[in-house]
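Single-structure report; data block below.
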Amino acid sequence: DCLAGSGKAIPFDRESGGCLLGEAGVIMILERESHAVSRDAHILAEVGGYGFSFEPSLPGRIRPSHRGAQIAMRNTLDAAGMHMGEIDLISAGANGNRLTDKRELKAIRELADGGGFQGHITSIKSLTGECYGASGAGQMAAAVVSLNDGYIPPVRNFARSWEPEL
């Protein structure tokens, strides 16, 4: 279930056959808001907070629990002083691997329940492939462009969600 034999990575789709590998290089330049304002820069986004968690596992094994992802998401919301109802877009890490996509969707859904989340969820990995080290920066860049341009990248080939199963 790791690499898609079909040649299609379909994040969040219960029929997905795995992920595709991709390559990317992303550079993001961050600066203090006061500096950007002093030079009259066009500010595209603000990093309001971040969160992380660490769940080590054996090499080649993926933890089935969604708790680590949920902790990272909760820590991010807390650090930013936000709640789910204020989120417009979630750029998920979903890459077409059924186990990890389902785990991530479950973490998002549990956080969203009762939190007023009315935003959108997408994953660019159906378009870019799994770029490992560059994935986070690529997703962040895509999210910034999406929010500024009012366009949400589609999950290519998506057809059948796990939603009824969660």
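- Each of I124 and L105 belongs to its own hydrophobic cluster when Ile, Leu, Val, Met, Phe, Trp and Tyr are linked at side-chain heavy-atom distances under 4.5 angstrom.
- Annotation for R98 and G17: closest pair NH2-CA, 3.8 Å, computed over non-hydrogen atoms.
- Atoms CZ and CG, from R103 and N97 in turn, are 8.5 Å apart once rounded to the nearest 0.5 Å.
- No single ILVMFWY cluster, assembled from side-chain heavy atoms under 4.5 Å apart, contains both L147 and L44.
- Under the 4.5 Å side-chain criterion, counting only non-hydrogen atoms from C-beta, T122 is not in contact with I90.
- By the 6.0 Å contact criterion, CZ on R39 is enclosed, its count of non-hydrogen atoms from other residues, nucleotides or ligands being greater than 12.
- Residues A143 and S91 approach most closely at CB-CB, 4.1 Å, considering heavy atoms.
- Closest approach of N75 and F52 over heavy atoms only: ND2-O, 3.2 Å.
- Residues G68 and S53 come closest through the heavy atom pair O-OG, 2.5 Å.
- Of the charged side-chain nitrogens involved, none lies within less than 4.0 Å of a carboxylate oxygen, so that E15 and K8 do not count as a salt-bridged pair.
- Looking only at side-chain heavy atoms (C-beta outward), Q70 and L111 come within less than 4.5 Å of each other.
- Rounding to the nearest 0.5 Å gives a distance of 9.5 Å between OG of S16 and CG of N157.
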Discussion item. Between S135 and K125, is the side-chain contact (heavy atoms from CB on, under 4.5 Å) condition met? List the steps.
Written reply: CA-CA 8 Å; S135 287; K125 291 181 183 173; 3.6 Å; yes

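- The distance from atom CD1 of I121 to atom CD1 of I152, rounded to the nearest 0.5 Å, is 10.5 Å.
- Within the 3.5 Å criterion, the main-chain N or O of G96 finds a donor-acceptor partner in the side chain of D101.
- Q139 has its side chain out of reach of T128: every pair of non-hydrogen atoms, C-beta onward, lies at least 4.5 Å apart.
- Going from atom OG of S126 over to atom CG of D13 covers 10.5 Å, rounded to the nearest 0.5 Å.
- Using a 4.5 Å cut-off on side-chain heavy atoms (C-beta onward), T100 and E104 make no contact.
- Shown here are the side chain to side chain contact (heavy atoms under 4.5 Å, CB included) partners of S146, two or more places apart in sequence or in another chain: L89, P153.
- Taking 4.5 Å as the limit, every side-chain heavy atom of H83 sits out of range of all side-chain heavy atoms of L77.
- Between A9 and C19, the closest heavy-atom pair is CB-CA, 4.1 Å.
- Annotation: E33, atom CD; neighbour count of heavy atoms from other residues, nucleotides and ligands within 6.0 Å does not exceed 12.
- Put simply, the side chain of N95 never gets that close to the backbone of G129: no donor and acceptor are under 3.5 Å apart.
- Separating the CD atom in E130 from the CG atom in L20 is a distance of 10.0 Å, to the nearest 0.5 Å.
- Listed here is the closest heavy atom pair of G81 and E86: O-OE1, 4.2 Å.
- In this structure, the separation between CE on M73 and CG on D78 is 13.5 Å, given to the nearest 0.5 Å.
- Remark: I43 CD1 is packed, more than 12 non-hydrogen atoms of other residues, nucleotides or ligands lying under 6.0 Å away.
- For the pair M28 and V26, the minimum side-chain heavy-atom distance is below 4.5 Å.
- Using modelled atom types and a 3.5 Å distance limit, the side chains of H66 and E110 yield a donor-acceptor pair.
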